[in-house]
Protein chains: 2
Amino acid sequence: MTTSPGGEPAERTKAAVLEDVAGLAGVSAMTVSRVLNAPEKVRPETRARVLAAVQELGYRPNFAARSLVTGRSGVLGVVSFDTTLYGPASTLYAIERAAREHDYLVNIASLEAMTRRSIAEGVDRLRQQSVDGVIVIVPHESAADGLRDLPPDLPVVDVGGGERLSVPAVAVDHHAGAVRATRHLLELGHETVHHLSGPANWIDANNRMQGWRHALRGREVPPPLAGDWSANSGYEQGKRLSRDPSVTAVFVANDPMALGLMRAFREAGRRVPEDVSVVGYDDVPEAAHFWPPLTTVRQNFATLGRQAFQLLLNRMVGHDTSERRTVEPELVVRESTSRR
Amino acid sequence: MTTSPGGEPAERTKAAVLEDVAGLAGVSAMTVSRVLNAPEKVRPETRARVLAAVQELGYRPNFAARSLVTGRSGVLGVVSFDTTLYGPASTLYAIERAAREHDYLVNIASLEAMTRRSIAEGVDRLRQQSVDGVIVIVPHESAADGLRDLPPDLPVVDVGGGERLSVPAVAVDHHAGAVRATRHLLELGHETVHHLSGPANWIDANNRMQGWRHALRGREVPPPLAGDWSANSGYEQGKRLSRDPSVTAVFVANDPMALGLMRAFREAGRRVPEDVSVVGYDDVPEAAHFWPPLTTVRQNFATLGRQAFQLLLNRMVGHDTSERRTVEPELVVRESTSRR
DNA sequence: GCGAAGACTGTTATCGCTAACATAAAACGT
DNA sequence: ACGTTTTATGTTAGCGATAACAGTCTTCGC
């Protein structure tokens, strides 16, 4: 960036600042600032001169200085648990894209654990870097508590964090999704539906379990098993479940676990879907290519992320809503389910 | 300002600043600053008093102000393509964790496309928010170019961006990984090994393809097919490949494609591994539960991310290395491969 | 033709913090 | 005991931008 070694006058060592541009353009610093922030207030010719100077010096406004005086940073934070999981990763991605369109940058703070303390700490970390707002993706019961003792002056939006929240939130209607999944199996003629749920205290896991229970009302409700979202836990629990010959239909709380479970059943000699039908949840991109292709419930994480950003934007410009938006999941029928 | 109508003395409307804390503790602002930045330079009793005041006022240093004067922001940026993909997501996650341990925050900028322009633009976006350094995760040929015309004053580290880079870099030795995968198949008695590669111009895809070629030297090298990393493309290409009865072993450039390919083969009546052996790449957490459990090459993304951060840290403190570190991948043999 | 409104541009005062230097108090060596 | 170092704290001066106000110079209306 330093001008060429040819001997040009402005062999800058330090980056150019407003004053430098002003000097070169023969105007005051304020005018340069205006050109950058409210161009219409500056006469076109001056503007052109300033812009040329900006160009020539490769001037970039100093973010810290601007943010110090305006009180806004143009950065928003996302607090999330494991961003390696498909759901959080996709949501984060959507948020980032939406943010970019509005000239916001995204700062991430991932959490070691999901306790109210760690959530507060994550938000705090972001706050220290003076983000303008925070989106929390913590699908855990602890989120509600963690969010409660947050400073009220910081706009916060929650994603998938349960009912009793003090902040605006977006969530997928997992109850409905689970009902759809379970009904689908019931309609296929299964007497009842078993359930492999996610870990305790995860909002999504609870909601799906409740939906499943709800859809099963009036029938025998088998005791649910719980995994930890991993394919491996699905496999382990699948092994147990496969020993019960009465099982003909299983609703699994996410796709990886469904994958593991199907493997366990196959290894136990029970064919999917001939002997037992399986429905997953998430519709990860691979689900269509599992063996057999998995019937599952699709969540639209992109929408989720976009909505979350919208809500945050609203809150940031002042609308003090505690709006709650819901995204509907959709059943995708493939080949892991069949008529009994 | 304006103490509240209630009459309480410190009914703050605005957040407390250094001066407020100083006042309460009966010291100068500078002392407070020292307590926060170099506690050992302050007498324990004063320190305690200051800390108490900080506590009482809930004081949080203003990031912009600090950063304005120190010239450092404590934020680093990560430019990445699709952070939804397992690799980038895991790497990002590892970077974030390493960064946190060193009190850095991570800003992300994901890219719409992988062109030199968009890379430069992504870095730029981060630079405007004055990040202290940038890690670029763009496993594409364009990365090298995109990085070349970067301002030299900004510490940049590349992850997986190929050989001819102008900046420090970390990469997995995909060539070696591919060689291992291919040799494994060869040692199992297969005459040759087919290859389903990733999209053209992706560094990883190229390296793996070269490794495969290398391991095959002296034998017939079948024309490789190319997918787009998705399970779906694996399935499509798998359908084509399954029509060729001479195929007995396939090295697939990533796990999702391997999943799709195995499905295609199965649907074509060719059993894996009895009729055809398949090796994947990545070792995604689900790979062990594919049907059959996938033999694959594990990349340690966590190490990759950590190393990238280390390198960046080095560069940021001034060491002007253009060090290049390599992470070795590891073959994980499961059940998708068998003796011919 | 002259005051008033409007259009541009400039001046000044911060924003909240820390580097660098200055000072005061305590500790020390001989 | 006295200058000298060390230790603890305070003072001053910005970092680089923008808000708010203050001038100029035009442009108009009547």
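The structure displayed is predicted, hence computed values, not measured ones.
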**Item:** Those residues that, when tested against B/Thr326, pass side chain to side chain donor-acceptor pair (under 3.5 Å) (two or more places apart)
**Value:**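 Not a single residue meets the side chain to side chain donor-acceptor pair (under 3.5 Å) criterion with B/Thr326.
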
**Message:** Quick one about B/Arg100 and A/Ser110 (side-chain donor to acceptor, distance below 3.5 Å, no hydrogens or angles considered), yes or no?
**Reply:**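 Yes - a donor-acceptor pair under 3.5 Å links their side chains.
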
**Message:** Generate the contact string for nucleotides 16-28 of chain D. Rules: B means base contact, S means sugar-phosphate contact only, - means no protein heavy atom under 4.0 Å.
**Reply:** BSBBB--------

**Request:** Verify the contact: side-chain N or O of A/Thr31 to OP1 or OP2 of C/dT9, cut-off strictly under 4.0 Å; return yes or no.
**Result:**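 A/Thr31 to C/dT9 OP1/OP2: no side-chain N or O under 4.0 Å.
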
**Message:** Is B/Thr46 close enough to D/dA8 that one of its side-chain N or O atoms is under 4.0 Å from OP1 or OP2 there?
**Reply:**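 Result: no.
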
**Item:** Side-chain heavy atoms of B/Val327 within contact of B/Phe301, under 4.5 Å
**Value:**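 Answer no - side chains too far apart.
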
Do NZ/NE/NH1/NH2 and the carboxylate oxygens of [X] and [Y] come within less than 4.0 Å?
X: A/Arg125; Y: B/Glu96; answer: yes
X: A/Glu45; Y: A/Arg47; answer: no
X: B/Arg127; Y: B/Asp153; answer: yes

**Prompt:** Looking at the side chain of A/Arg43, which of D/dA8, C/dG10, C/dC8 is the nearest nucleotide?
**Reply:**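 My answer, after comparing the listed nucleotides, is C/dC8.
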
**Prompt:** Base, sugar-phosphate, or nothing for B/Ser28, non-hydrogen atoms under 4.0 angstrom?
**Reply:**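 Base: the residue B/Ser28, judged by heavy atoms under 4.0 Å, touches a nucleobase.
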
**Request:** Check every strand shown and say whether B/Ser67 touches a base, only sugar-phosphate, or nothing at a heavy-atom separation below 4.0 Å.
**Result:**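 Nothing, no heavy atom under 4.0 Å.
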
**Request:** Would you kindly give the CZ-to-C1' distance between A/Arg49 and C/dT9, to the nearest whole Å?
**Result:**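 A/Arg49 atom CZ is separated from C/dT9 atom C1' by 11 Å.
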
**Prompt:** Quick one: B/Lys41 NZ to C/dA20 P, roughly how many Å, whole number?
**Reply:**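 Those two atoms, NZ and P, are 10 Å apart.
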
